[in-house]
Amino acid sequence: MAEIGKDIQKAQEILNKGGLIGMPTETVYGLAGNALNAEAVAAIFSTKNRPSFDPLIMHTYSLEQVARYVSNIPEKAKILAERLWPGPLTLLLEKKSIIPDLVTSGLNTVAVRIPGKKITLELLKELDFPLVAPSANPFGYVSPTTAQHVNDQLGEKIEYILDGGSCEIGIESTIIGFEDGSPVIHRMGGISKEKIESLVGKVALKPHSSSNPKAPGMLKNHYSPGKPIILGDLQQLKKEIGETDRLGAIAFKEAIKGIAEEKQMILAPSGELSEAAQNLFAALRSLDNKEIDIIIAELVPDHGLGRAINDRLKRAAAK
Ligand code: AMP
Ligand code: MG
């Protein structure tokens with residue numbers, strides 16, 4: 001198992017040598033390595049079992065740093081960066097050649113973001129290079145939102161996990177690209193479409209497509225907890241499946257009758273979508289560890305952060 005701690009210097013030493021660490025962010029925990037070291041980047045792909053056509057997000061600590069690695073920052077990108085960083089927003093910007101092609105899967109844009117976790121920003125400031133950090137889970141599985149989750153899944157493969165507590169946002173960043181300077185959403189995430197539109201006006205949504213090589217994060221059957229998940233009306237699904245104590249449920253804000261309390265995950269007793277986002281992956285993970293065979297889940301209201309939550313639920317339920 002990996003060691004879990006708050007030792008920035010230790011994290012730095014491992015990264016300086018080309019090693020990988022578990023790293024907290026406000027979205028999910030990342031598996032981090034030196035973005036400029038192609039061997040470290042390759043190790044990330046093999047450790048996660050991630051297909052190498054799936055590009056990585058680069059993490060750094062300031063807009064000045066970002067400018068060192070990209071050749072152009074469109075006006076609207078600058079506005080979004082200034083208003084929303086540090087935060088769960090990733091921008092796709094034209095890359096300079098210093099970024100290894102492995103990071104971007106050969107695309108001419110690089111995904112960049114400034115994460116909002118204090119200990120991680122401190123680490124990034126100490127380093128002479130940016131980090132790439134995809135979620136610290138085997139490819140296709142549920143993303144980790146605590147240091148312990150990382151240890152459960154990748155603890156045999158890495159030495160150290162920097163502990164930043166649990167993730168305040170709980171789902172991945174919103175990814176925005178630019179077409180002739182106009183923002184286009186590539187992935188729904190921790191910042192809502194409404195919030196982005198309040199800053200830069202109308203934004204288009206890149207249509208979901210599991211075959212779109214420009215956005216492989218859109219792959220179907222992602223975030224899979226291992227057990228089958230069926231989406232729909234919880235009461236109705238329970239009726240159809242019939243009497244069984246091998247059933248677990250994910251509900252938005254209220255428990256349903258007839259399923260034991262410990263087999264139900266209520267995402268947001270408060271009814272707040274931000275609370276639901278924060279709890280989503282831990283709920284999937286927790287049900288996966290229970291004595292059940294099947295998970296039923298309901299979608300949440302489809303606005304604001306709800307769109308990103310529903311996107312994750314649908315992909316977790318995809319075959
Ligand atoms: P994550 O797995 O959360 O680290 O997110 C990485 C995702 O960002 C990838 O799966 C892609 O969907 C997306 N991504 C990264 N770089 C690019 C890029 N240059 N163009 C389009 N999408 C990208
Ligand atoms: Mg991931």
Side-chain angles (χ1 to χ4, degrees), residues 20 22-33 35 41 44-45 47-60 66 69-72 74 77 87-97 99-115 120 130-145 149-150 153-154 167 169-179 183-191 204-225 277 280-281 284-285 308 311-312 315-316:
L20 308 182
M23 178 180 95
T25 82
E26 80 283 35
T27 60
V28 302
Y29 270 71
L31 175 66
V41 178
I44 290 179
F45 283 101
T47 303
K48 266 185 67 92
N49 242 332
R50 180 176 172 116
S52 61
F53 55 78
D54 194 2
L56 303 177
I57 298 174
M58 189 177 89
H59 294 64
T60 184
V66 170
Y69 304 108
V70 305
S71 53
N72 173 38
L89 170 77
T90 294
L91 300 176
L92 304 176
L93 302 171
E94 275 168 45
K95 85 178 192 81
K96 286 187 181 159
S97 59
I99 309 285
D101 283 333
L102 195 51
V103 168
T104 64
S105 307
L107 297 170
N108 60 3
T109 54
V110 60
V112 288
R113 139 176 147 81
I114 300 181
T120 294
L131 296 174
V132 274
S135 52
N137 53 279
F139 184 72
Y141 196 73
V142 181
S143 305
T145 52
H149 293 166
V150 180
Q153 289 180 301
L154 296 180
C167 303
I169 303 292
I171 50 175
E172 292 84 351
S173 58
T174 300
I175 300 179
I176 309 240
F178 296 86
E179 290 173 15
V184 178
I185 298 183
H186 286 238
R187 175 176 76 185
M188 298 287 196
I191 288 185
L205 203 62
K206 196 122 187 139
H208 279 213
S209 155
S210 54
S211 61
N212 179 355
K214 259 192 130 181
M218 297 298 176
L219 280 179
K220 285 225 182 299
N221 187 16
H222 219 71
Y223 312 105
S224 165
L280 176 67
F281 289 141
L284 286 167
R285 191 177 292 269
D311 166 80
R312 305 304 187 272
R315 287 199 261 161

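Counting convention: from 1, in listed order, for ligands and their atoms alike. Note that these values count all heavy atoms, side chains included, but never hydrogens, waters or copies made by symmetry.
- If you look at the Mg ion (ligand 2), the protein N, O or S atoms less than 2.8 Å from it are S135 OG.
- Atoms of ligand 1 lying under 4.0 Å from any heavy atom of P134, numbered from 1 in the order shown and given with element: 4 (O).
- The shortest side-chain heavy-atom distance between V70 and E94 does not fall under the 4.5 Å cut-off.
- Side chain to side chain, S135 and E172 fail the donor-acceptor criterion of an N or O pair below 3.5 Å.
- No donor-acceptor pair closer than 3.5 Å links the side chain of K95 to the backbone N or O of S71.
- Those atoms of ligand 1 with a heavy atom of R50 less than 4.0 angstrom away are 2 (O), 6 (C), 9 (C), 10 (O).
- The distance from ligand 1 to the heavy atoms of A111 drops below 4.0 Å at these ligand atoms: 15 (C), 16 (N).
- Side-chain atoms of T27 do not come within 3.5 Å of backbone N or O of C167 as any donor-acceptor pair.
- Close approach of ligand 1 to R187 is summarised as follows: ligand atoms under 4.0 Å from at least one heavy atom of the residue are 1 (P), 3 (O), 5 (O).
- In this structure, a donor-acceptor pair under 3.5 Å is absent between the side chains of R285 and T145.
- Taking CG of L31 as the start and NZ of K48 as the end, the distance is 7.0 Å to the nearest 0.5 Å.
- Contacts of I175 with ligand 1, taken as heavy-atom pairs under 4.0 Å, involve the side chain alone.
- Here the straight-line distance linking atom CD1 of I57 with atom OG1 of T90 works out to 3.5 Å at 0.5 Å rounding.
- The distance from ligand 1 to the heavy atoms of L107 drops below 4.0 Å at these ligand atoms: 18 (C), 19 (N), 20 (N).
- Heavy-atom distances between K95 and ligand 1 stay at or above 4.0 Å for every pair.
- Residue contacts with ligand 1: T104 is placed with no nitrogen or oxygen under 3.5 Å of a nitrogen or oxygen of the ligand (distance criterion only).
- Which parts of ligand 1 touch D54 is read off a 4.0 Å heavy-atom cut-off, strictly below it: atoms 9 (C), 10 (O), 11 (C).
- Here the CZ-CG distance, from R187 to D311, works out to 9.0 Å after rounding to the nearest 0.5 Å.
- Evaluated for a side chain to side chain donor-acceptor pair (under 3.5 Å) with R113, the options T174, T60, T25 yield exactly one hit, T25.
- The distance from atom OH of Y29 to atom NE2 of H149, rounded to the nearest 0.5 Å, is 10.0 Å.
- To the nearest 0.5 Å, the span separating CG on D101 from OG on S52 amounts to 12.0 Å.
- Neither the backbone nor the side chain of K206 comes within 4.0 Å of ligand 1, counting heavy atoms alone.
- Looking at ligand 1, you won't find any N or O of E172 less than 3.5 Å from one of its N or O atoms.
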